[in-house]
Amino acid sequence: MRIRSTPVLTRLALATALVIAPLAAFAQSPSHTFEATGGFAFLEGNGEPLLGLGQGLSHDNDDSAFTASFAWNLNAAWALEAWMTWPSQRNIRVDGGADVASYDVRPVMVSVQHRFPTMAQRYRPFVGIGWQWTRVSNESLAPGYAELAPLQMHGDDGIAAVAGLDVDLGKNWFVRGDIRYLDSSLTTATGASTILERNSANTMAYGASIGVRF
């Protein structure tokens, strides 16, 4: 059976070649196979109101936490990275500003990243997309809010993205600045609620870290 070429197939093949050819040309073996970083990030959430829980309660999603990452460089252009934060405390508060409850969150992100060519012999930008898991623990109520017991919270998973820049300090060491988007939500239930309240907890993480290649 003979398959005839069409203008659509020709254009599709040409576009595919134009995309793959630069990646293939840049896909030489990396000078270092693995990377590890440790640092700090400011976490900025959207803190929407908890309409179903009464008393004008809302999540306080802004926090900071230590971070760590480990990456496997597949070649000079592509890498797989696992990133996480240490547990950080967030609060549920009333409109007047008093905290009525607290809980810990710990996001973990796995992504595939594209590393651009090094600029000026030391600056290397990168972008990535992947998936995140946000887990909740250590839920506790402040004194005087027993009517909210039991407080039950559950995390979520969702899409995640990252963009950053590595600056070489030498052959093996570098500093990194990155911005991460974590698409997440929290499911909350208390003794004052008859339904589960699902609250958007999308987070922007602004990080700085120091890393080593080996």
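Remember, it's a predicted structure, so these values are computed and weren't measured experimentally.
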> Among the clusters formed by ILVMFWY side chains lying less than 4.5 Å apart, do Trp72 and Ile129 turn up in the same one?
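Both belong to a single hydrophobic cluster.
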> Drop me the distance from Trp131's CH2 to Leu182's CG, to the nearest 0.5 angstrom.
12.0 Å
> So do the side chains of Arg213 and Asp168 get within less than 4.5 Å of each other, counting heavy atoms only?
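Yes, close enough: below the 4.5 Å cut-off.
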> Inspect the surroundings of CZ in Phe70 and state if more than 12 heavy atoms from other residues, nucleotides or ligands are less than 6.0 Å away.
yes
> Check Thr85 against Ala65 and note the closest heavy-atom contact, atom names and distance.
CB-CB, 4.0 Å
> Of all heavy-atom pairs between Leu141 and Ala101, which one has the smallest distance, and what is that distance?
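So the minimum-distance heavy-atom pair works out to CD2-CB, 3.8 Å.
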> In terms of hydrophobic clustering (I, L, V, M, F, W, Y; side-chain heavy atoms under 4.5 Å; direct or indirect links), are Trp86 and Phe42 co-clustered?
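Yes, because Trp86 and Phe42 connect within a single hydrophobic cluster, where side-chain heavy atoms sit under 4.5 Å apart.
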> Do Asn73 and Arg115 pass the side chain to side chain contact (heavy atoms under 4.5 Å, CB included) test, and can you show the C-alpha distance, the side-chain angles, and the key distance before you say yes or no?
CA-CA 9 Å; Asn73 296 316; Arg115 310 291 176 84; 3.7 Å; yes
> Looking at CD of Gln132 and OH of Tyr181, how far apart are the two atoms once the value is rounded to the nearest 0.5 Å?
9.0 Å
> Looking at Asp104 and Ser137, would you say the former's side chain and the latter's main chain have a donor-acceptor pair under 3.5 Å?
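Flag not set: sc Asp104 to bb Ser137 has no pair under 3.5 Å.
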> Enter the distance from Glu44:CD to Ser64:OG here, rounded to the nearest 0.5 Å.
12.5 Å
> So, does Asn202 use its side chain to make a donor-acceptor pair with the main chain of Ser184 at under 3.5 Å?
yes
> OG of Ser209 to CZ of Phe174: how many Å apart, nearest 0.5 Å?
6.5 Å
> Give the minimum heavy-atom separation between Arg122 and Thr118, together with the two atoms involved.
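Between these two residues, the closest heavy atoms are N-CG2, 3.4 Å.
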> Could you tell me which non-hydrogen atom of Gly155 sits nearest to which non-hydrogen atom of Arg135, and how far apart they are?
C-NH1, 4.3 Å
> For residues Gly45 and Asp62, report the shortest heavy-atom separation together with the two atoms involved.
N-OD1, 3.1 Å
> Under a 4.0 Å N-O cut-off, is there an ion pair linking Glu35 with Arg124?
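Arg124 and Glu35: not salt-bridged.
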> Give the intermediate values and the outcome of side chain to side chain contact (heavy atoms under 4.5 Å, CB included) for residues Thr188 and Leu151.
CA-CA 7 Å; Thr188 308; Leu151 175 65; 4.0 Å; yes
> When hydrophobic residues are tied together by side-chain contacts of less than 4.5 Å, even through go-betweens, does Val110 share a cluster with Trp78?
yes
> Say whether Val162 and Leu165 are linked into one hydrophobic cluster, either directly or through other cluster members, by side-chain heavy-atom distances under 4.5 angstrom.
no
> Could you measure the distance from the OG1 atom of Thr187 to the CD atom of Gln152? Nearest 0.5 Å is fine.
11.0 Å
> For Asn172 and Phe214, run side chain to side chain contact (heavy atoms under 4.5 Å, CB included): C-alpha distance rounded to whole Å, both residues' side-chain angles, the deciding distance at 0.1 Å, then the answer.
CA-CA 7 Å; Asn172 298 323; Phe214 54 95; over 6 Å; no
> Between Asp178 and Arg180, is the salt bridge (Lys or Arg N to Asp or Glu O under 4.0 Å) condition met? List the steps.
CA-CA 7 Å; Asp178 57 38; Arg180 297 172 188 266; 3.4 Å; yes
> Would a distance-only check, ignoring hydrogens and angles, find a side-chain to backbone donor-acceptor pair under 3.5 Å from His154 to Val136?
no
> Could you check whether any side-chain N or O of Glu81 sits under 3.5 Å from a backbone N or O of Gln113, counting only pairs where one atom can act as donor and the other as acceptor?
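Not at all, since once roles are kept as given, no pair shorter than 3.5 Å links the two residues.
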> Does Arg90 count as lying over the ring of Tyr103, i.e. NZ or CZ under 6.0 Å from the six-ring centre, within 45 degrees of the axis?
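Ring-cation test returns no.
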> Rounded to the nearest 0.5 Å, what's the gap from CG on Leu74 to OG1 on Thr33? Could you check?
10.5 Å
> Passes side chain to side chain contact (heavy atoms under 4.5 Å, CB included), Met109 versus Thr67? Steps please.
CA-CA 11 Å; Met109 174 183 175; Thr67 65; over 6 Å; no
> Would you name the heavy atoms of Ser69 and Arg176 that are closest together and state the gap between them?
OG-NH1, 4.1 Å
> Are Leu43 and Ser88 close enough that some pair of their side-chain heavy atoms sits under 4.5 Å apart?
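The answer is yes, as the side chains (C-beta and beyond) meet within the 4.5 Å cut-off.
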> Are Ile210 and Tyr123 connected in the hydrophobic side-chain network, where two residues link if heavy atoms are under 4.5 Å apart?
yes
> Under 4.5 Å between any side-chain heavy atoms of Met119 and Pro125, yes or no?
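Yes - at least one pair of side-chain heavy atoms lies under 4.5 Å apart.
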> For Thr134, is there any backbone N or O sitting under 3.5 Å from a side-chain donor or acceptor partner on Arg106?
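Checking the backbone N and O of Thr134 against the side chain of Arg106, no donor-acceptor pair under 3.5 Å is found.
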> Could you check whether atom CZ of Phe34 has more than 12 heavy atoms from other residues, nucleotides or ligands sitting under 6.0 Å from it?
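Yes.
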